[in-house]
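As the structure is a computational prediction, the values presented were derived from the model and not from experiment. Residues take their numbers from the sequence shown, with the count starting at 1. Counting starts at 1 for both ligands and their atoms, following the listed order.
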Amino acid sequence: MKLFAPLAIAALAAAVASPASAQFQKPEDAVKYRQSALFVMAQHFGRIGAMANGRVPFDAKVATENAEIVADMAKLPWAGFAPGTDKVGNTKAKGEIWTEQAKFKESADKLQAESVKLVAAAKTNNLDNLKAAFQSTAGTCKACHDAYRNQ
Ligand code: ASC
């Protein structure tokens, strides 16, 4: 019995301390995961952009549904930038993601905060609010791409 508690604590510590890469079967999966989440996010963000830019009629319900997907997707890509996945497969990710982890996390957090505001803006049923939140969110996409994505 005396052995059990230390073993349980060690197992728990190992689980908590596991690198993000442990969530994926192989490094290629981490890359595919982050690219997939960003792709789905871009699809739904683009539908909001079409309304913000007047290409399709503004519909607050549709905008809200899309913004909620953007906000959910915005939580996901970051785990895919796992250690050891900087030069895997067809990635445009810059090495700075791994050498400036705190700054990269700030960018990721900013997008998540902006996407929450995007949902709130969509719910106001006011196109000007949506436009402003769309621009602001797109700005965080662009800033992060400029800093951390190769052409
Ligand atoms: C989009 C999209 C991006 C961002 C970026 C903003 O709609 O797919 O990657 O906005 O272009 O500048």
Side-chain angles (χ1 to χ4, degrees), residues 12-151:
L12 183 67
V16 170
S18 290
S21 54
Q23 298 173 12
F24 300 99
Q25 294 210 334
K26 47 187 195 296
E28 289 78 7
D29 287 354
V31 175
K32 193 170 173 182
Y33 179 88
R34 70 199 189 208
Q35 290 178 345
S36 301
L38 288 162
F39 178 78
V40 171
M41 180 160 56
Q43 297 300 302
H44 293 275
F45 190 57
R47 292 173 199 174
I48 297 169
M51 287 184 207
N53 295 318
R55 290 197 305 278
V56 308
F58 173 50
D59 180 326
K61 184 171 178 286
V62 174
T64 301
E65 285 165 2
N66 282 296
E68 282 171 344
I69 295 170
V70 170
D72 282 340
M73 286 301 121
K75 299 171 191 166
L76 302 182
W78 325 115
F81 293 92
T85 64
D86 51 333
K87 292 190 182 83
V88 175
N90 188 17
T91 183
K92 293 182 193 160
K94 284 190 183 171
E96 281 80 355
I97 289 170
W98 289 271
T99 57
E100 299 174 2
Q101 284 188 16
K103 265 183 74 186
F104 183 64
K105 185 176 184 303
E106 259 178 48
S107 296
D109 290 346
K110 186 142 195 290
L111 174 68
Q112 289 169 79
E114 290 295 335
S115 64
V116 168
K117 289 186 202 165
L118 185 65
V119 174
K123 284 182 175 169
T124 65
N125 194 19
N126 176 305
L127 182 55
D128 286 334
N129 289 344
L130 185 71
K131 281 182 186 173
F134 174 80
Q135 289 303 335
S136 169
T137 308
T140 66
C141 300
K142 184 175 186 311
C144 196
H145 290 162
D146 289 350
Y148 296 112
R149 185 177 69 171
N150 286 311
Q151 293 306 308

ask   = Could Lys61 and Glu65 be called an ion pair, given the rule that one side-chain N must be under 4.0 Å from one carboxylate O?
value = yes

Using a 4.0 Å cut-off to any heavy atom of [X], which atoms of ligand 1 qualify?
X: Cys141; result: 4 (C), 5 (C), 6 (C)
X: His145; result: 9 (O)
X: Ala42; result: 8 (O)

request  = Count the heavy atoms belonging to other residues, nucleotides or ligands that lie under 6.0 Å from CG of Asn90, then report whether that count exceeds 12.
outcome  =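 12 or below, so no.
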
inquiry  = Atom NZ of residue position Lys32 - does it have more than 12 heavy atoms of other residues, nucleotides or ligands inside 6.0 Å?
reply    = no

query = Which residue and non-hydrogen atom of the protein lie closest to atom 12 (O) of ligand 1, and at what distance in Å?
reply = Lys142 CB, 3.4 Å

key: Residue and atom name of the nearest protein heavy atom (relative to atom 1 (C) of ligand 1), distance in Å to one decimal   =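 Result for atom 1 (C) of ligand 1: Phe45 CD2, 3.6 Å.
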
query = Hey, is Ala138 one of the residues with a heavy atom under 4.0 angstrom from ligand 1?
reply =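 Ala138: in contact with ligand 1 (<4.0 Å).
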
query = Taking the six-membered ring for Trp, are Trp78 and Phe104 ring centroids under 6.0 Å apart?
reply = yes

query = Please walk me through it: do Ile97 and Glu100 pass side chain to side chain contact (heavy atoms under 4.5 Å, CB included)?
reply = CA-CA 6 Å; Ile97 289 170; Glu100 299 174 2; over 6 Å; no

